[in-house]
Amino acid sequence: MQSKNKTINAAITAVGMYVPDKVMDNKYFESIVDTNDEWIITRTGIKERRLMENGATSDMAAFAIQDLMKTSSLKPEEIDVIIVATVTPDMLFPATACLVQEKIGAKNAWGFDLSAACSGFLFALQTGASLVESGSYKKVVVVGSDKMSAITDYTDRNTCILFGDAASAVLLEPSEDLNYGIKDSLLYVDGSGRDALNMKAGGSLNPASHDTIDKKWHYIYQDGKAVFKVAVKGMADVSYEIMEKNGLKSEDVAYLVPHQANLRIIDATAERMGISKEKVMINIDKYGNTTAATIPLCLTEYYRAGKVKKGDNLILAAFGAGYTWGSIYLTWGLD
Ligand code: UT7
């Protein structure tokens, strides 16, 4: 929601990322399931993904925030809030945010985890922005971190080729110049999507047991075709809607920053927005679907490559399990 009487915007003032070294390319998947490089590339756009061999989601999140701190003036003790968007928390509790706090030495911070699957970063960014805009907090770190390999069944060709491990973080700070920062959001949930994409076991509905293990309920389940249909429509519609709501024409948008689940979903979204391919941030080929990490990973890589300039209008868009989906409109404020 856009507030009418805002006096400050929340703006992204630093970025950071972490991807594990270990690469799993399509050839590797040819050796473990009945698939092939050509199918994977044409159906998804993915060539490689990363695997976190030693360590958990909190380690990747901590590395991403440490990278952010290395490339900015932020000190750990200055951080007010840490929001970790993830569906692969280290444990159900305590929150991964607590573990990250300790690992980076953010001794004055509070924080929490936010579970919205592939839309997690967008939901966390809007939440963080609201905390900044309230005037109560000045330095909010939003990190998307997912160790998808921890919940992936590497015998299921329908899902195992899709996902990878990564983390990426942004720092939100107040901007009195309302030309910059997060300007609007449209976010949605629809629980009728629960059967199409989920991990059934380990929660209060189906506590972990021998039976849930036998049924492989501790892994991602996805009805790919069903999710594909609603994702194409959901992500394209919401991105178009936020442009219309804010009077933005395609030439006013410097980049679409889409969740990286499938290149065909991304292409359909760009087409609906009337945006050419050069104005779409893409790194799905290198990392696959890293769930909450995809969007900040794109932002970090494109910014560091000098491709995003101060004053650029960006439309962030995602669709994920829940269903959850949405779009955020922001103007880049970093030099
Ligand atoms: O990020 C959160 C939200 N998630 C998404 O947005 C994902 C949405 N879904 C998708 O991206 C796509 O549905 C997939 C990439 C998961 C699958 O692509 P698809 O074009 O929808 O394929 P499909 O599931 O309809 O399968 C087509 C065929 C099937 O064979 P038959 O039944 O036609 O003989 C599958 O068994 O492709 C087969 N198939 C594979 N073949 C080779 C499925 N997975 C593979 C594979 N390699 N890895």
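Every number for a ligand or one of its atoms is a count from 1 in the order of the listing. Computation of the quantities below employed the complete heavy-atom set of this structure, encompassing side-chain atoms and omitting hydrogens, waters and symmetry-equivalent molecules.
Closer than 4.0 Å to atom 32 (O) of ligand 1 lies none of the heavy atoms of the protein. Proximity of atom 13 (O) of ligand 1 to the protein is indicated by at least one non-hydrogen atom lying closer than 4.0 angstrom. Using a 4.0 Å threshold on non-hydrogen atoms, atom 24 (O) of ligand 1 does not count as touching the protein. By the definition of a contact as any protein heavy atom under 4.0 Å away, atom 7 (C) of ligand 1 is in contact.
Among protein heavy atoms, the minimum distance from atom 43 (C) of ligand 1 is reached at N158 OD1, 3.2 Å. Ranking the protein heavy atoms by distance from atom 9 (N) of ligand 1 puts G224 O, 3.1 Å first. Annotation: atom 11 (O) of ligand 1 to nearest protein heavy atom, N262 ND2, 2.7 Å.
The I161 neighbourhood of ligand 1 comprises atoms 48 (N), with distances under 4.0 Å to a heavy atom of that residue. Applying the 4.0 Å criterion to heavy atoms of F319 picks out, from ligand 1, the atoms 2 (C), 3 (C). Taking every non-hydrogen atom of A261 and a distance limit under 4.0 Å, the qualifying atoms of ligand 1 come out as 1 (O), 5 (C), 6 (O). Near I265, the atoms of ligand 1 lying under 4.0 angstrom from a non-hydrogen atom of the residue are 6 (O). Shown in contact with T44 at under 4.0 Å from a heavy atom are these atoms of ligand 1, numbered in order with element: 15 (C). Which parts of ligand 1 touch C118 is read off a 4.0 Å heavy-atom cut-off, strictly below it: atoms 1 (O), 2 (C). Heavy-atom contacts of R43 reach the following atoms of ligand 1: 20 (O) (cutoff under 4.0 Å).
S239 and T269 are not linked by any side-chain donor-acceptor pair at a separation below 3.5 angstrom, with hydrogens and angles left out of the test. In this model, a donor atom of one side chain and an acceptor atom of the other lie less than 3.5 Å apart for E301 and N283. For the residue pair Q126/S185, the side-chain donor-acceptor check at 3.5 Å is satisfied. Judged by distance alone, the side chains of S149 and R49 never bring a donor and an acceptor atom under 3.5 Å apart. Between the side chains of N206 and T212, no donor-acceptor pair is found at a separation under 3.5 Å. Counting only N and O atoms by type, the side chains of S209 and D211 include no donor and acceptor under 3.5 Å apart. No hydrogens or angles considered: a donor-acceptor pair under 3.5 Å links the side chains of D153 and T155.
An N or O contact shorter than 3.5 Å links R264 to ligand 1 by distance. For ligand 1, one of its N or O atoms has an N or O atom of H259 under 3.5 Å away. For A231, no nitrogen or oxygen atom sits less than 3.5 Å from a nitrogen or oxygen atom of ligand 1, counting backbone and side chain alike.
With distances taken over non-hydrogen atoms, the option nearest atom 35 (C) of ligand 1 out of E30, R157, K225 is R157. One option in F228, W325, W39, Y323 has a heavy atom closer to atom 26 (O) of ligand 1 than any other, and that option is W39.
Ring geometry for Y255 against Y302 counts as perpendicular: the plane angle is over 60°, on a 0 to 90° scale with 30° as the lower cut.
Between D59 and K103 a salt bridge is recorded (basic side-chain N to carboxylate O distance below 4.0 Å).
Of the candidates D146, T96, V141, T96 is the only one forming a side-chain contact (heavy atoms from CB on, under 4.5 Å) with V84.
Neither the backbone nor the side chain of T291 has a heavy atom within less than 4.0 Å of ligand 1.
By the 6.0 Å and 45° rule, R272 stacks over the aromatic ring of Y240.
Taking the six-membered ring for Trp, F29 and W39 have ring centres at least 6.0 Å apart.
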